[in-house]
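Right, one structure below, let's go through it.
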Amino acid sequence: MYIRKQNIFTEKKIFPYAKIDDLRLDLLPRVRQMAVNHAGGTHQWKDMSDDELLKSAGLYGTDRATGESGYNLAAIMLLGKDDVILDVCPAYLTDALLRKVNTDRYDDREIVRTNLIESYDQLMEFARKHLLDKFFLEDDARVSLRNILAREMKAKPAPKLAPMAPKLAPMAPKLASIRMRILY
């Protein structure tokens, strides 16, 4: 079983020539704040340096099989500059389509080719632009169904993909005539 599964973690592939300058470190304060908010106000990343945070998150490491040290594919996909992502995964893009009038053609389209943190924002904005936000209560709090559904559309295909294989995502989630597909 080990032999069959040993090469499936493409996000752990080390790129020994990727440098800190290839990453968008200006996104790290936002990542820190998201971690703090998710952990209820305290998180270990809050007081770490950038290098410590990257190592703690598993974005910088050593391949025990080859001895190479460096940033891995996950670091490049999460925080990489656009040109670096294009070099590492040339076919990567997320294609969001809106189909209202004629389902054989699209009415609006957003092609996103940036790191995963910024692509999330762009795709959420695309969903906000085209989906209604109907009133919904969960317990005693108002919940945005539009944001929940848009997050699910973005998150569902991601774990099932191997970013190094240049092919269409095996699943194209569809919601109220918005369809997203990820190409790697």
Would you name the heavy atoms of [X] and [Y] that are closest together and state the gap between them?
{"X": "Thr114", "Y": "Ser119", "answer": "CG2-N, 3.6 Å"}
{"X": "Ala96", "Y": "Leu123", "answer": "CB-CD2, 3.8 Å"}
{"X": "Arg105", "Y": "Arg99", "answer": "O-CG, 3.5 Å"}
{"X": "Val88", "Y": "Phe15", "answer": "CG1-CZ, 3.4 Å"}

Interatomic spacing from [atom1] in [X] to [atom2] in [Y] - rounded to 0.5 Å:
{"X": "Thr94", "Y": "Tyr120", "atom1": "OG1", "atom2": "OH", "answer": "13.5 Å"}
{"X": "Leu116", "Y": "Leu78", "atom1": "CG", "atom2": "CG", "answer": "5.5 Å"}
{"X": "Leu54", "Y": "Leu25", "atom1": "CG", "atom2": "CG", "answer": "7.0 Å"}

Would you be so kind as to tabulate the donor-acceptor pairs closer than 3.5 Å made by side chains of residues 28-36, with sequence neighbours excluded?
{"unit_1": "Arg30", "atom_1": "NH1", "unit_2": "Asp121", "atom_2": "OD2", "d": "2.6"}
{"unit_1": "Arg30", "atom_1": "NH2", "unit_2": "Asp121", "atom_2": "OD1", "d": "2.8"}
{"unit_1": "Arg30", "atom_1": "NH2", "unit_2": "Asp121", "atom_2": "OD2", "d": "3.1"}
{"unit_1": "Arg32", "atom_1": "NE", "unit_2": "Trp45", "atom_2": "O", "d": "3.1"}
{"unit_1": "Arg32", "atom_1": "NH1", "unit_2": "Asp50", "atom_2": "OD1", "d": "3.3"}
{"unit_1": "Arg32", "atom_1": "NH2", "unit_2": "Met48", "atom_2": "O", "d": "2.8"}
{"unit_1": "Arg32", "atom_1": "NH2", "unit_2": "Asp50", "atom_2": "OD1", "d": "2.9"}
{"unit_1": "Gln33", "atom_1": "NE2", "unit_2": "Asn37", "atom_2": "OD1", "d": "2.8"}

hydrophobic_cluster_shared for [Y] and [X], side chain cutoff 4.5 Å:
{"X": "Leu23", "Y": "Tyr92", "answer": "yes"}
{"X": "Met77", "Y": "Leu53", "answer": "yes"}
{"X": "Ile14", "Y": "Ile20", "answer": "no"}

- Could you check if a side-chain atom of Asp108 sits within less than 4.5 angstrom of a side-chain atom of Lys129, using non-hydrogen atoms only? yes

- Task: For the pair Leu73 and Cys89, evaluate side-chain contact (heavy atoms from CB on, under 4.5 Å) and give the outcome as yes or no after the intermediate values.
- Result: CA-CA 9 Å; Leu73 181 61; Cys89 296; 3.9 Å; yes

- Do the side chain of Asp139 and the main chain of Ala141 share a donor and acceptor less than 3.5 angstrom apart? no

- Note on the structure: Quick note, salt bridge (Lys or Arg N to Asp or Glu O under 4.0 Å) partners involving residues 77-87, not counting sequence neighbours, are none

- Item | Pairs involving residues 15-29, ordered by first then second residue, that meet salt bridge (Lys or Arg N to Asp or Glu O under 4.0 Å) (sequence neighbours left out) | Arg24-Asp26, Arg24-Glu118

- Query: Glu125: what forms a salt bridge (charged side-chain N to carboxylate O under 4.0 Å, His left out) with it, not counting sequence neighbours?
  - Reply: Arg128

- Residues in salt bridge (charged side-chain N to carboxylate O under 4.0 Å, His left out) contact with Lys12, at least two apart in sequence or another chain: none

- Message: Test of understanding: with side chain to side chain contact (heavy atoms under 4.5 Å, CB included), list the residues that count as partners of Ser49, not counting sequence neighbours.
- Response: Asp51, Glu52

- Query: Sequence neighbours excluded, which residues qualify as side chain to side chain contact (heavy atoms under 4.5 Å, CB included) partners of Leu86?
  - Reply: none

Which donor-acceptor pairs under 3.5 Å do side chains of residues 57-67 form with protein atoms, sequence neighbours excluded?
{"unit_1": "Thr62", "atom_1": "OG1", "unit_2": "Ser69", "atom_2": "OG", "d": "2.9"}
{"unit_1": "Asp63", "atom_1": "OD1", "unit_2": "Ala65", "atom_2": "N", "d": "2.9"}
{"unit_1": "Asp63", "atom_1": "OD2", "unit_2": "Thr66", "atom_2": "OG1", "d": "3.4"}
{"unit_1": "Thr66", "atom_1": "OG1", "unit_2": "Glu68", "atom_2": "N", "d": "3.3"}

- Message: Let's go through Asn115 and Ile85 carefully: what are the C-alpha distance in whole Å and the side-chain angles of both, what is the deciding distance for side-chain contact (heavy atoms from CB on, under 4.5 Å) to 0.1 Å, and is it a yes or a no?
- Response: CA-CA 7 Å; Asn115 60 61; Ile85 293 171; 3.8 Å; yes

